[in-house]
Amino acid sequence: MASLAPQHYPDHPQFSDFMKPCRFEGEVQNLEVHGNLPNDIDGTFYRVMPDPQLPPFIDNDPWFNGDGNVSAFRIKDGSVSFQQRYVRTEKFVREREAGRALLGKYRNKFTDAVEFAVRSTANTNIVSFNSQLLALKEDSPPYAMDPETLETKGLYTFEGQLPSLTFTAHPKTDPATGELICFGYEAKGDGSPDICYYTIGPDGKFTQTVWLVSPVCGMIHDFAVTENWVLFPVIPQLCDLERMKQGGEHWQWSPETPFYIGVIPRHGAKTSDVKWFKYKNSFPGHTANAYEQDDGKILFDLGLSDKNVFYWWPDAQGNSPDPSKLHSQLTRFTVDPKAEEKRLPEPQVLHGGNSEFYRIDDRFMGRKYSHSYFDLMDPSLGTDFAAIGPVMGGGYPPYNSLAHHDESTGKTEVYFPGCTHLVQEPVFIPRVGSTEEGDGYLMALVNNYRTLSSELHLLDCQDFTKARAIILLPLRLRAGLHGNWVDKN
């Protein structure tokens, strides 16, 4: 009898052209390097991309529902090697055995072909903690991987200590103590408004757990940490369990729901300590950083858009914005954690350009900082969209340059990789021996649509507008979500 499994990927932009699934596992030694790689760079850039190993049986599956495929770029003595391997999640293993897709709609277990104990695709972030890699998807616990071989060790619950069903895709590491600050939303299961906040010592032992309840069951993709506070920005993409049971989407945009920020003390918090501040309906994106002023107020910097950035999940009437009209900008909220008034004042726009994927010198996480780095879309730079448009495929909104914004001077520098190139999320690499903020390098994966292959571009932050080195890959890597740099020592 003929198989009912799809034999090819759907004819949609998220599976076509540059976004056609890569499905490569293996390694390539001694990548081509044009320019000069500094000898003081010794470590690995890990990143992960959603990369479905098999065609989905959901026709218009969103691109980030694919299996997590982890890349490792190891740099030492001016040489670069490349390694890539899928995370062996329960989903991945069972689908490989079956030879067909078994997972249904994004985060909707009621549409699956079989029942999974854990539905994770482990495709959103890859972080280093306690001598291992954690592949993250915010609807489930992490999967642990060996940092050298990329072998999957298995589902990781911190030796049974994990109190919630979920784990954030954006944990924060305290640069002074090595403490991992984490949370899970929908922590008691799909549709639950429960948030579980927890901290983990560098030895892997949990140091505190606090349960909270959100005003709505909304997405909390990223968060921010200061010396004394934790902030949870709630995106007005809401979950409804009954809608899911009827085969609907996990998320639906709610134009009537405000943008909430939950604030709790970082240390010694109780459930009753949380305060929910609100701002008009808007879409909070990734965070850059947050820190406290001398007067006790918190400055919280993140991307903000007045439209639904996740346009593929429209509102109840099916309305969603034109992707070409989306504009997210680096924005600063001032939050007084002791204020009785819960409505937030108008924020300050730090950089008005269309930007996202904000990164900083991670040694200054939660502390006063000046330097931020991010993806920027500036059509005036000269990207040849007529040439690259037919082969771009679909995914998140495109960004054609990397930016460095210095808040202390108000100046922004821009690196433009070329008229047939678009950029992915950058990572900051500190210069060896320097403790000065922003003294180091910026690295990002770059899509070359002329050659239909990928490149790594390395910038020296002291000479930001030109590449110090361009590393060529002999293959194409689809758009990824997040990654991190890990020094050798």
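Just so it is clear, the values below take in all heavy atoms, side chains as well, and ignore hydrogens, waters and symmetry mates. Along the sequence shown, the residues carry numbers beginning at 1.
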- Do Y311 and W253 have ring centres separated by under 6.0 Å? no

- Are Y396 and F357 an aromatic pair by the rule of ring centers under 6.0 Å? yes

- Which heavy-atom pair separates T166 from A187 by the least distance, and what is that distance? OG1-CA, 3.6 Å

- Please determine if D222 and K172 form a salt bridge, counting it only when a charged side-chain N lies under 4.0 Å from a carboxylate O. yes

- Message: So that I know where these two stand, are Y185 and F223 an aromatic pair - ring centroids less than 6.0 Å apart?
- Response: no

- Query: With ring centroids as reference points, do F64 and Y106 lie under 6.0 angstrom apart?
  - Reply: yes

- Under 3.5 Å: donor-acceptor pair, side chain of Y260, backbone of T257: no

- Task: Determine whether more than 12 heavy atoms belonging to other residues, nucleotides or ligands lie under 6.0 Å from atom NZ of K297.
- Result: no

- Ring centroid separation F167 to F158 under 6.0 Å: yes

- Task: Only counting residues at least two apart or in another chain, list the ones meeting side-chain hydrogen bond (donor to acceptor under 3.5 Å, both in side chains) with D40.
- Result: Y441

- Query: Is the distance between the ring centroids of Y358 and F374 under 6.0 Å?
  - Reply: yes

Result block: side-chain N/O donor-acceptor pairs under 3.5 angstrom for residues 412-423, not counting sequence neighbours:
unit_1, atom_1, unit_2, atom_2, d
T412, OG1, H405, ND1, 2.8
E413, OE1, H404, ND1, 2.9
Y415, OH, H457, ND1, 2.7
H421, NE2, N448, ND2, 3.2

- Message: Ignoring hydrogens, what is the shortest heavy-atom contact between G483 and I126? Give both atom names and the distance.
- Response: CA-CG2, 4.3 Å

- Query: Does a donor on one side chain and an acceptor on the other come within less than 3.5 Å for D77 and S79?
  - Reply: no

